[in-house]
Amino acid sequence: MNELPKRFDFKSIDQKWSTYWEDQEVFHARQQTGKEPYTIVIPPPNVTGILHMGHALNNTLQDIIIRYKRMNGFETLWMAGTDHAGIATQNVVEKALAKEGKTRDELGREEFLNRLWQWKQEYGDTIIHQLKKLGASCDWQRARFTMDDEYSQAVNLTFVKLYDKGLIYRGQYIINWCPRCHTALSDEEAEHEETQGALYHFRYPFKDHPDQYVIVATTRPETMIGDTAVAVNPNDDRYQKFIGKKLVLPLMHREIPIIADEFVDPAFGTGAVKVTPAHDPNDFEMGQRHNLESINIMHPDARLNEKAGEYQNLDRFQARKKIVEALRNLGLLEKIDDHTHAVGHCYRCHTVVEPYLSRQWFVKMKPLAEPAANAVRDGEITFYPNRWEKVYLNWMDNIRDWCISRQIWWGHRIPVWYDDEENIYVALTEAEAKQKAQEKRGKEVSLRQDPDVLDTWFSSWLWPFATLYWPKDNAELKYFYPTASLFTASEIIFFWVARMIMAGLEFMGEIPFKDVYIHGTVRDDKGRKMSKSLGNALDPLEIIEEYGADALRFSLIMNSGQDLFISKDKFEIGRNFANKMWNAARLILLNVKSHDHSYDLAKICEQENLDLTCRWIISRFYSTLEKVSLAIEKYRYSEAENEIYDFFWGNFCDWYLEMIKDRWTEDVVQYVTLHILEESLKMIHPFMPFVTEEIWSIIHPQEQAISLQNWPVLEKQLIDESFEKDMTLIIDIITAVRQSRAQWNIKPNEEIIVNLATNLDDLKSLLTANQSILIKLCRIKKLSIADDLPEEKNAAKGVVAVVKYAIPLTEVVDIDAEKRKMLKQITDQKKAAENLSKRLNNKEFVKKAPDHVVAADQERLESLQSKIKELEDVITNLN
RNA sequence: GGACCCGUAGCUCAGUUGGUUAGAGUGUUUCCUUGACAUGGAAAAGGUCACAAGUUCGAAUCUUGUCGGGUCCACCA
């Protein structure tokens, strides 16, 4: 056996195995008959992305289950790829251009797109390389990009289909406008934040009585330039008499009417609202109801336009100041109140978004949302943890139409063409549009394509099937779709998860995945979100460099119950555990001389002479394996890791390897030890792929990689609790002796005697021969042999049990304490039984309560009664 | 305004249907270590399970309320 280094040297090993896996195409999925597919699609990271802790967590979770399923004989496909991330990517390239002193308009559309593709070519795969470092077992050969040709065709097709179905329409509405990105945003892309602002109260004079006025309140004074009415509630006594009267809009000197609308809340502000149909969604609706003019007062960059007169070309916030000043000078400023309210910000550049009237394309969501909501309601799709279903359903039930056009260049161009009469042709290609135009117009006309592109998410929502070359009818699509599970953060539920479900049902007629696992957010140790701008982000690549990929993965999962609070030292756990495995393997390989696999574990276990130590570790391994498998299936990863950690470190290393340390000459010991190590490696492999692969390759240089080995078969018959109980008892006693050695003056030789015990019979006879130790043990557990012994707390566990075993050997034990305890239990449980039967005899209760409640009560009563009997029997025997 | 989550050891968290003496890791203190591992081993200290009331023979666990921390949704100008 080769000499292994003292410490696990992850640096050389991580790289070695990533390369190996890729070269050997270990993760490449192929359609196979007789094998069940298991598919996951990666949440495609943005091409602008660099790996952060959120990615590390997200992809580790996926990798664990995909490796687990692969080892369990599934044909696993983990679809890889990246998202073109429209606005984000365009922003990055625009910034680079700005450094050269250029703008995209100067460059022109075509040249700008060339620059974007160039950028994508150069940097777009950065994150994919980083994911490989993490050990993510994606099918990299299949990696897709949302702007691949086939993918783009799929996007166009869905647009056409939805349009033909009447689910896509174009119209003038108030949308969220980002003045910095110069584009419309969907409601989800506008992030609302509580902001400390002001509520300005202005006086709008009456036309006929310039000395009298109505006071209106607003948070955005500059919008008054576009006011076309003032609205009051029709039932508001204060204002009823003014309805229909005219006011004069200050500064603009425009006549505006006072209208009545139910929308107005008399209790808020002054009860009178200035109405700006072009710059507020509610005002827009009121404008529609009352046929008001909509006056757009802003340029796309939020400077005021020519409608603003002397305020023209001022930025909205500068204009705000000036207008307030002007009104103050006119004596029309009533007051300014402090006011906190939610203000929308662009989710990409964090600029305050402007409600802006413009013509955009929308998807009608209600018809799509209904089946998607039902899929979750009916349990076809399950969220883990379950509480997210409520969040999802709440959104689905209150869904609003989706604004899908973006005024940027990077993305899928909207497949719509217009002719000189503004007729609309929706088609898959320009040629098809031309043909349609020809038919309609009876002559050839020149067409121009809609300049806008589609929302990034309008392509991402097709990800689970467009990556498999939908709409092409192909066998792989049938084989790998629908996918099994989806892993993502809660922020993406509305953007992506919900819409994928809609798209899956609409275009494939089938849900895109069965399980949705929502993981927590990675935060720093103070609970703040990790972000570059805050400077509190831990870089996963640095952690990999310093602690190893396995350590990063293991530690992240260990902390992944809800939100994760991560600081650097957290990664020591994973590093130390990897090192522990390494050194356990080192010890074993130093001592195991032969790799004799002719043994059969089941047969060995049947042999009577297999000692408790070996039998125990075998049983412990398989009960751990069972728990770990179950935990993975239920997406309870941190639980699985805890089981692994306890078993491997707490049982296998701390006890088992210590107990067999003088028995390496025994063939059976060698076999059992190596076997448990190998099976443990397989069990741990999904969590820590690199160390396990390395150790495995040292043990089996000729065999194929552990990534391709089968998950250990659960030998249920080898799980035997009685062995685990016996060993637990021995461990408890040994621990008790150690813990109390000072207090009860346990001599070194006595401790050695106890340590020698490797099975219960041993221990009993050892204690029989050395009754002084037994007496000390009794003392530790307060089972006093003399009344004057002090009662100590924190006595070790388990000693009471050995005392029970030892009862025939000695008279020292006070069994009265045991008896008293049992007697109390009996009275308690009798009382419980009495109450239960009272309730069951109550006809009212039996009638009213649901059947299962009554049944449960009955069952409990029976179990109580049998327990009481059992206890009474024990007591009789004691007497 | 609506919905959801969390308060357990100094810190980070387990505690799966209520059931013996509430557990880990980390930090602190003590001792050990010379062929698996100081990224190690053995041990000590440290908790009225946020608070209050209720249900129960029995509550960290179930119910209600209070306080504290967090998240998401919502058109209050």
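All chains are named by letter (A, B, ...) in the order of the sequence lines, taking the proteins before the strands, and each is independently numbered beginning at 1. The figures here come from the full heavy-atom set of this structure, side chains too, leaving out hydrogens, waters and symmetry mates.
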With rounding to whole Å, what would you report as the distance between B:U39 and B:C73 at their C1' atoms? 46 Å
Does a side-chain N or O of A:Lys390 approach OP1 or OP2 of B:A3 to a distance below 4.0 Å, or not? no
For A:Asp338, I'd like to know if atom CG has over 12 heavy atoms of other residues, nucleotides or ligands within 6.0 Å. no
Evaluate the criterion side chain to side chain contact (heavy atoms under 4.5 Å, CB included) for residue pair A:Phe577 and A:Trp649; output intermediate values, then yes/no. CA-CA 8 Å; A:Phe577 187 60; A:Trp649 199 319; 3.6 Å; yes
Candidates B:A77, B:G40, B:C37 - which lies nearest the side chain of A:Asn583: B:C37
Distance, P atom - from B:A50 to B:A3, rounded to whole angstrom: 24 Å
Please tell me which of the listed nucleotides, B:G15, B:A36, B:U39, lies nearest to the side chain of A:Arg575? B:U39
Side-chain contact check for A:Arg400: nearest option of B:C13, B:C75, B:A77 is B:C75
Among B:C37, B:A77, B:A74, the one nearest any side-chain atom of A:Lys274 is B:A77
With a 3.5 angstrom cut-off on both distances, give the Watson-Crick or G-U wobble partner of B:G27, or none if there isn't one. none
Inter-nucleotide C1' distance (B:G47, B:A60), Å rounded: 11 Å
Using the P atom as the point on both nucleotides, what is the distance between B:U61 and B:G2, in whole Å? 27 Å
Just compare B:G15, B:C13, B:A36 and give me whichever is closest to any side-chain atom of A:Cys653. B:A36
Closest to the A:Lys570 side chain: B:A36, B:U12, B:C75? B:U12
Determine whether a donor-acceptor pair (one donor, one acceptor, N or O, separation below 3.5 Å) exists between the side chain of A:Lys580 and the base of B:C37. yes
Roughly how many Å apart are B:C13 and B:C72, using the C1' atom of each and rounding to a whole number? 24 Å
Who does B:A9 pair with, Watson-Crick or G-U, both distances under 3.5 Å? none
Does the structure show a Watson-Crick or G-U wobble partner for B:U66, both distances under 3.5 Å? Name it, or say none. B:A50
Taking atom C1' in both B:A43 and B:U48, what distance in whole Å separates the two? 27 Å
Would A:Glu285 and A:Phe263 count as a side chain to side chain contact (heavy atoms under 4.5 Å, CB included) here? Give the steps. CA-CA 10 Å; A:Glu285 280 173 26; A:Phe263 165 77; over 6 Å; no
Heavy atoms from C-beta onward define the side chain here; which of B:A77, B:A74, B:U12 lies closest to that of A:Asn559? B:U12
Do the rings of A:Tyr517 and A:His519 sit parallel, tilted or perpendicular, given the 30° and 60° boundaries? tilted
What residue among A:Ile699, A:Leu587, A:Leu657, A:Val592 forms side-chain contact (heavy atoms from CB on, under 4.5 Å) with A:Leu677? A:Ile699
Mind checking the P distance from B:G18 to B:G70? Whole angstroms is fine. 32 Å
Write down the distance separating the P atoms in B:C49 and B:U20, rounded off to the nearest Å. 16 Å
